[in-house]
Every structure is written in C-alpha cells, then in structure tokens.
Amino acid sequence: MNETNTGNGALVDVSGVEKVFHRGSEDIQVLKDLHLQVPAGEFLALMGPSGSGKSTLLNLIGGLDHPTRGSVTVAGERIDQLSDRRLAAWRARHVGFVFQLYNLLPVLTAERNVELPLLLTRLSKSERRRHVETALEAVGLTNRAKHYPRQLSGGEQQRVGIARGIVTDPTLLLCDEPTGDLDRRAGDEILSLLQALNREHGKTIIMVTHDPHASARASRTVYLNKGQLTREQKD
Amino acid sequence: MRFTHLIWGNLRRKKTRTVLTLLSIVVAFVLFGFLSAIKQALTGGVSLEGANRLIVRHKVSIIQLLPVDYKRRMEKIPGVAAVTHQTWFGGIYQDPKNFFMQNPVIPDEFLDMHPEVVLPADRRQAWLQTRTGAIVGRKTADRFHWKVGDKVPIQSTIWSKKDGTFLWEFDVVGIYDGRDKNTDTTAMFFRYDYFDEARRGGTGQVGWYTVRVKDSAQAAQVAKLVDAEFENSSYETKTEAEGAFVQAWAKQIGDIALITASILGAVFFTILLVTGNTISQSVRERTGELGVLKAIGFTNVQMLALVLAESCLLTVLGGMIGLGVAWLLTSRGDPTGGLLPLFFFPAREVLVGLGFSAALGLVTGFFPALQAMRLRVADSLRRI
C-alpha cells in the first residue's frame with residue numbers, strides 16, 4: 001500500500017469542514033467547522049445519533065460529495081478541489097466502500113461483483129481473476145464465488161461487499177453501518193473480518209455505526225452530534 | 001468488452017420485459033424487410049444498362065400498339081444506337097394464378113439490347129434456329145420444373161391464333177439467368193416472327209420499343225427527337241427513360257416510397273417509445289446500483305456509455321433478428337405468384353436496417369443515459 005500522509009502526519013485530514021444542504025428555500029447545516037485527522041493504519045469508528053452528520057462526513061472523506069467550506073486531504077491530495085472526473089478516478093484508486101445494505105448488483109455473481117472495481121483498471125482478465133480470488137479468500141468466500149447475491153445470506157453478502165471494497169487494495173476502507181442489517185452473530189463475524197484487515201493487513205478503516213458493540217472493535221471512536229465532534233474515545 | 005457481462009446482466013434483469021421489447025423490435029424490422037422487398041419489387045428492375053435505354057410507347061397508353069416500321073425511322077434519329085421491340089402477350093400457364101410475363105422479341109436484337117439477360121452461346125444459337133423457341137428465366141423454369149426441350153402450352157388472354165384458339169405452344173430452347181439480383185428472371189421471351197405470323201390480329205404492330213442511346217447524357221434530347229418524329233401521326237409516341245417507365249408502372253399503385261416511409265415512420269416511432277420506456281424504467285429501478293458504480297469510480301462518461309450500450313445491444317440484437325427473419329422470408333421469392341418478380345430484400349437495405357437499429361438504440365438510450373450520467377452519488381445512495 002502506497003500512502004502519503006498529510007503534513008500533520010495523518011492519512012486523512014478534514015479541516016474546518018462545513019456542509020450545507022439546500023432544501024427549497026431552507027439551508028440545512030449538517031457539518032459545522034469540523035476537524036478530524038485519521039492516521040494511516042487506524043480503525044476509526046464514527047458514532048452519533050441519526051442526522052448527526054456521520055454519513056455525510058464519510059461521503060466527504062470518500063470523495064462522494066464536496067464540502068461547502070473547508071478542506072479534505074487524503075494521502076496528501078486535496079480531494080475537495082478535484083473535478084468530478086478526477087474524483088471518480090481518485091475513488092477508484094484510493095477508496096473501498098462497504099454499505100449497510102451491501103449494494104451488490106443482483107445480476108452478477110459474487111466474483112463478478114468483486115471484480116467490478118477492477119474493470120476500471122488496466123489489469124488483464126487473468127490478473128483480475130487472481131485479485132478476485134485473493135479478495136474472496138480474505139473474506140472466506142472462495143466456495144461461494146459463483147453464487148448470485150440472492151443465493152447468499154446477509155452475512156455472506158456483506159463479506160462479498162467487503163471483498164469488493166478491498167479488491168483494489170485501496171488506501172482507505174470506508175464502511176457505512178456495515179453490521180446495521182445483520183444479526184448479532186453475522187455482525188460479529190463482519191467486525192472480526194474488518195479488525196483482521198486492519199490489524200493483519202494494515203488497512204485504514206473508517207466505520208460509521210450506531211452500535212457501541214461495533215465501535216468497541218475500533219481502535220478509536222469519535223462522536224458526532226449536530227454536525228460537530230463532541231468527544232473521542234481510544235481503545 | 002470487459003463490461004459485456006454487466007450490460008448483458010442488466011438486460012436479463014427483467015427477462016419478460018426485455019423479451020417483449022425485443023419482440024416488438026424484431027417485428028418492426030421484419031416489417032422493414034418486407035416493405036423494402038416490396039419497394040424493390042415495384043421500383044427496382046432498372047439496371048445500370050437502363051441508364052442509356054429509353055422506352056417508346058403509344059402516347060395514349062401502354063396497351064395501344066405501335067407500327068413495326070417505326071423501328072427503321074427511329075434508327076435514323078441522331079443519337080440512337082439500337083432499337084428493338086416487345087409486345088405484351090399476357091399468357092398464363094395451366095392456371096390463372098400462374099401468371100408471369102411472356103413477350104415476343106427479335107432474339108438477336110433483344111439479347112444485344114439487354115446484356116443483363118445471360119444466355120449461353122449454344123442456347124442463343126438454338127433459339128435462332130427454332131422458330132417456336134422460347135427462353136425462360138431461371139425462376140420460372142424452377143417454378144414449373146421446365147427444362148430445355150420441353151414443349152410448354154401458354155394460354156394468351158389477348159392474342160388468338162389464326163385458327164381462333166388462344167393456346168400457344170413453345171419449345172424451351174434455353175434457360176437464362178440474370179447478371180445480377182436486380183434482373184428479373186421470371187419472364188419468358190419467344191420469337192416475334194413466329195408470333196406475328198401466327199396471330200389473328202394486330203399483324204405488323206408491336207407493344208413498345210426499347211431504344212439504346214449512344215450517350216446517356218443525351219437521352220432526354222433523343223427522347224424529344226423520337227416523339228417529334230411521330231408527332232401528328234396516328235400513332236404518337238411517349239418516350240421516357242427506362243427507370244421512369246418502371247416507376248410509372250409502380251405509381252399506378254401509389255407513391256411507393258411515401259407509403260413505405262409512412263408505415264415505417266409510424267412503426268419506428270412506436271418502437272422508439274416502447275424501447276425508450278423500457279430503458280428509462282430499467283435505469284430508474286436501479287438508481288442505487290448506478291450510484292454504487294459511481295462510488296467505486298465509474299466516471300460520468302462511462303455511465304453514459306454503459307446505458308447507451310445497453311439500449312444499443314437491445315435494438316441491434318432485435319434489428320439483427322428481425323432483418324434475419326425478413327431475409328429468410330423474402331428469400332423464398334415472390335409471394336404473389338408472379339406479380340412481384342423482383343421481390344427480394346436488397347443487401348443495401350439490410351445494411352441500412354442495421355444502421356437504423358443502432359441509431360434507434362442511441363436515440364432511445366440517450367435520455368436515460370443522461371439521467372444516469374447526472375446522478376449524484378451521495379443522493380442515489382441515500383435512496384437505497
């Protein structure tokens with residue numbers, strides 16, 4: 001993994017960020033003068049009540065949205081200043097996403113879903129297949145490669161989602177409520193998997209969660225309330 | 001090619017909807033093929049040779065006859081290279097539904113005038129030596145299983161023989177082929193001298209003349225000279241290019257091009273709406289999935305291309321199947337039993353159809369593709 005830390009040593013540097021959504025004539029300020037640094041190799045949990053701005057912050061760090069004010073720097077690059085086209089290329093190179101509802105394409109098999117981000121690279125078919133096999137092995141789903149999402153349990157689908165998130169070996173893995181739709185046992189398995197990816201493979205993970213049980217697996221937890229960081233807790 | 005399974009997978013998502021849309025496209029292109037074949041049958045038949053050939057007929061109507069000695073007078077007109085004549089015989093073989101064209105001609109003159117009629121040299125010789133000889137086009141020979149040496153009875157609906165009967169007998173001396181697909185090989189030609197001697201009335205008269213001009217650029221001028229030559233006579237003429245003559249025949253039915261364009265316009269407009277609706281609905285249903293693709297790095301242009309590829313795959317596939325079916329159906333030949341001898345689906349029109357199917361895909365996919373391209377990732381993920 002090639003990572004360039006920001007000037008202050010953090011892989012991710014969110015500085016003075018504000019985000020305002022316009023709904024008709026109304027302006028809704030979701031994030032207010034927010035500062036956050038995430039060092040490389042950290043497993044960070046973002047907690048807070050609904051509407052506190054957790055997912056919005058995750059979207060900004062993942063380059064899915066632009067801040068209204070402030071800067072977002074990842075691996076030394078000001079992503080808030082990138083055009084849509086360059087931001088798409090940046091996401092393909094640097095970010096893996098894991099979603100609450102897995103968001104797998106139902107028309108593709110598990111291995112084809114995992115392969116999706118690799119279609120944007122210059123890798124040959126055989127190289128892509130090798131990467132897919134490695135990612136599926138990492139999540140323990142080699143034997144389910146040919147199955148469609150509807151043939152997999154929720155936990156298995158999320159594992160495929162994680163395999164898709166890590167298949168390009170991204171700088172950052174961003175997880176939005178990855179256990180939110182799973183029962184406790186499957187949720188635990190997913191959290192163990194994320195923990196292993198962080199500890200054994202050095203993946204930097206930022207995870208949004210409501211669940212204190214999930215955040216307990218992270219190395220640090222920061223709390224958001226009404227668009228501001230209120231406190232943090234280390235492992 | 002690396003996105004093929006993704007595009008294909010999206011089309012298989014709602015199989016029934018895709019199959020029904022595909023079928024409607026197939027039907028439209030089958031119709032396209034059939035109408036192209038009908039248009040070809042009614043307006044085709046003018047080979048490159050036709051560019052320097054004129055048809056001279058009676059000014060009043062094609063069914064009025066002209067004197068046979070007009071030939072000598074026409075040959076003297078400046079710009080005329082050769083002249084020959086034909087007469088409508090209007091015969092049937094065994095049954096009225098077995099209709100095809102039979103005309104008495106002067107063999108040498110006819111074959112020289114029409115190089116698109118291909119007849120082996122020995123058959124030409126046999127025709128010259130057989131007074132009751134006739135040459136038959138390959139399609140008609142195949143249709144009635146005629147071969148060289150057969151004696152075929154033809155019942156004329158116009159011409160009786162001196163004995164008062166309408167039944168004529170001819171000896172098949174040759175089977176001719178067309179030099180290209182545009183040449184009618186359903187006709188039969190027999191000798192004028194035999195016909196003229198044996199017929200009861202109309203002796204010394206012919207149906208129309210074919211004139212070859214020395215320079216096709218001067219064809220219009222020559223046509224005027226021909227008509228001027230016979231002006232104020234009992235048999236005034238009307239001379240026109242062979243192409244115009246054929247088209248005038250077709251226009252007795254109506255403006256074929258306009259009729260086919262109108263039908264196809266209505267059909268394809270409907271298909272445009274049906275396919276457009278299918279693609280739009282398909283894109284709307286997977287806003288979240290498109291958002292995921294964007295999240296993992298698909299650019300706006302790639303999203304646009306994916307949706308356009310999907311709609312083009314659907315329309316081109318439907319187009320290819322439809323054109324293939326039309327090709328198969330029209331390759332069986334004239335469905336009317338002789339009224340449309342040049343009924344076939346021209347290769348050029350197949351290519352036009354393929355281009356049309358791709359264009360249909362681009363047009364129907366454009367707005368849904370634009371919608372996918374403009375999708376904001378964060379918004380689309382929130383909708384899931």
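So that the names make sense, note that chain A is the first sequence line, chain B the second, and so on, each numbered from 1. Please read these numbers as outputs of a predicted model, since none were measured by experiment. These numbers come from the heavy atoms of this one structure, side chains and all, not from hydrogens, waters or symmetry mates.
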So which part of [X] gets closer than 4.5 Å to some heavy atom of chain B, the side chain, the backbone, both or neither?
X: Y148(A); result: side chain
X: R128(A); result: side chain
X: L174(A); result: neither
X: Q100(A); result: neither
X: L123(A); result: backbone

In [range], which residues are in contact with chain A at a heavy-atom separation under 4.5 Å?
range: residues 2-30 of chain B; value: R2(B), F3(B), H5(B), L6(B), G9(B), N10(B), R12(B), R13(B)
range: residues 349-368 of chain B; value: none
range: residues 293-307 of chain B; value: L293(B), K294(B), A295(B), I296(B), G297(B), F298(B), T299(B), N300(B), Q302(B)

Pick whichever of L120(A), L64(A), L104(A) has the most heavy-atom pairs under 4.5 Å with chain B.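 Of the candidates given, the most pairs with chain B belong to L120(A).
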Heavy-atom check, side chain of R286(B) versus side chain of P106(A), under 4.5 Å: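 No, side chains not in contact.
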Should the heavy atoms of other residues, nucleotides or ligands under 6.0 Å from CD of E285(B) be counted, would the total exceed 12?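 Result for CD/E285(B): enclosed.
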Flag yes if more than 12 heavy atoms outside R85(A) fall under 6.0 Å of its CZ atom; otherwise flag no.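 Result for CZ/R85(A): open.
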Pull out the residues in residues 150-168 of chain A that come under 4.5 Å of chain B, heavy atom to heavy atom, sorted by number.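 Within residues 150-168 of chain A, the residues under 4.5 Å from chain B are R164(A).
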Out of N103(A), L116(A), N113(A), which one pairs with V292(B) under the side-chain contact (heavy atoms from CB on, under 4.5 Å) rule?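 Only match with V292(B) under side-chain contact (heavy atoms from CB on, under 4.5 Å): N103(A).
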